[in-house]
Amino acid sequence: MSVILATGPNGFPKLMLSHPAGSSAEVYLHGAHVTSWVPLGMEESLFLSSLARFEKEQAIRGGVPVIFPQFADLGPLSKHGFARVMPWQWVEQTQASETRPRAVLQLDASDETVAIWPHAFRARLAVELGENQLSLALSIYNTDAQPFSFNAALHTYLRVADVRHAAVRGLQGVYYRDRTAEGEVRQQSAPELTLSGEVDRLYLDAPSVVEVADNGNKRLFTLRAERFSDVVVWNPWKEGAAAMADLPEDAYRHMLCVEGAQVGEAITLQPGESWQGAQHLIAQPAG
Ligand code: TA6
């Protein structure tokens with residue numbers, strides 16, 4: 001079987017996806033949180049903190065937290081909304097093709113979510129594994145009798161050999177809100193973004209394809225988004241990491257968050273409507 005239910009720390013259930021060619025991925029039902037992706041012939045490609053907490057109501061530090069229905073602190077809910085700290089259900093296991101394992105996780109509105117956010121909804125995350133590709137598709141359905149609005153992101157912590165030698169490409173000329181400068185809007189002039197300190201940027205109306213060169217590991221990640229209009233790039237650097245109890249101080253060097261996001265403009269769904277945003281991660285060796 002290409003998708004197996006197993007348990008991780010604290011008995012947290014997780015799904016282990018394995019592709020016949022040798023790639024693999026793991027996703028926890030807690031938060032529908034992908035924590036591991038090993039493309040064919042490569043090392044682990046997602047960063048997961050060695051101090052990550054596997055506890056109820058806590059977000060796992062690393063992997064791909066599902067951000068819904070609020071991004072960051074841009075609203076009345078707790079940071080990044082509640083989807084990443086809720087128990088999701090495994091509802092479907094299918095082969096996307098002859099070889100590609102695929103699992104679908106689902107979160108429905110409950111008394112607990114309605115107490116936080118007063119809307120009936122269904123969220124689904126489809127996780128599909130290829131030889132060198134991991135595709136995540138987040139679907140939101142309005143099952144309410146009233147419209148609602150939301151933001152969403154797939155907050156991807158890529159694992160890099162050394163963030164100081166990594167580069168993000170594809171964002172030249174794009175305007176971004178600099179969240180390290182009270183959201184001031186700036187335009188990126190450089191063809192590639194290299195990091196030498198804290199970066200927390202929300203690129204608005206960004207191109208759908210962005211590349212991350214993990215030069216220390218001689219590999220290139222391509223992120224292709226569908227219907228996510230924005231791109232977030234984040235690394236807390238040394239001081240920011242020191243303030244996080246679940247991140248070892250020097251671990252910031254091995255992570256680079258780059259993600260498809262829908263933040264600049266909220267999505268509004270009428271009763272019965274749905275939205276789907278997808279992010280495809282592709283890993284390739286680079287000379
Ligand atoms: O832009 C990404 C961001 O909102 C950062 O500001 C940073 O705080 C990060 O997400 C992680 O948030 P978390 O709540 O997981 O610590």
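We count ligands from 1, going down the list as the structure has it; atoms in each ligand are counted the same way.
- What sits closest to atom 8 (O) of ligand 1 on the protein, heavy atoms only, is Lys79 NZ, 2.6 Å.
- Side-chain rings of Trp275 and Phe150 approach one another, their centers coming within less than 6.0 Å.
- The protein heavy-atom contact nearest to atom 5 (C) of ligand 1 is Asp200 OD2, 3.2 Å.
- The atoms of ligand 1 that sit less than 4.0 Å from any heavy atom of Ala72 are 4 (O).
- Counted within 6.0 Å of CD on Glu226, heavy atoms from surrounding residues, nucleotides or ligands total more than 12; the atom is thus considered enclosed.
- Per-residue contacts place Arg179 under 4.0 angstrom from the following atoms of ligand 1 (heavy atoms of the residue considered): 1 (O), 4 (O), 6 (O).
- Selection from Met244, His155, Arg84, His80 by nearest heavy atom to atom 4 (O) of ligand 1 gives His80.
- Distance check, rounded to the nearest 0.5 Å: CG of Leu269 to OG of Ser149 gives 8.0 Å.
- Proximity of the aromatic rings of Phe121 and Phe68 is defined here by a centroid distance below 6.0 angstrom, and this criterion is met.
- Taking only nitrogen or oxygen atoms, main chain and side chain alike, Arg61 reaches within less than 3.5 Å of ligand 1.
- No salt bridge links Asp162 with Arg253; every basic N to acidic carboxylate O contact stays at or beyond 4.0 Å.
- For atom 7 (C) of ligand 1, the closest heavy atom belonging to the protein is Trp234 CE2, 3.3 Å.
- With rounding to the nearest 0.5 Å, the separation of CD in Glu26 from CD1 in Ile4 is 10.5 Å.
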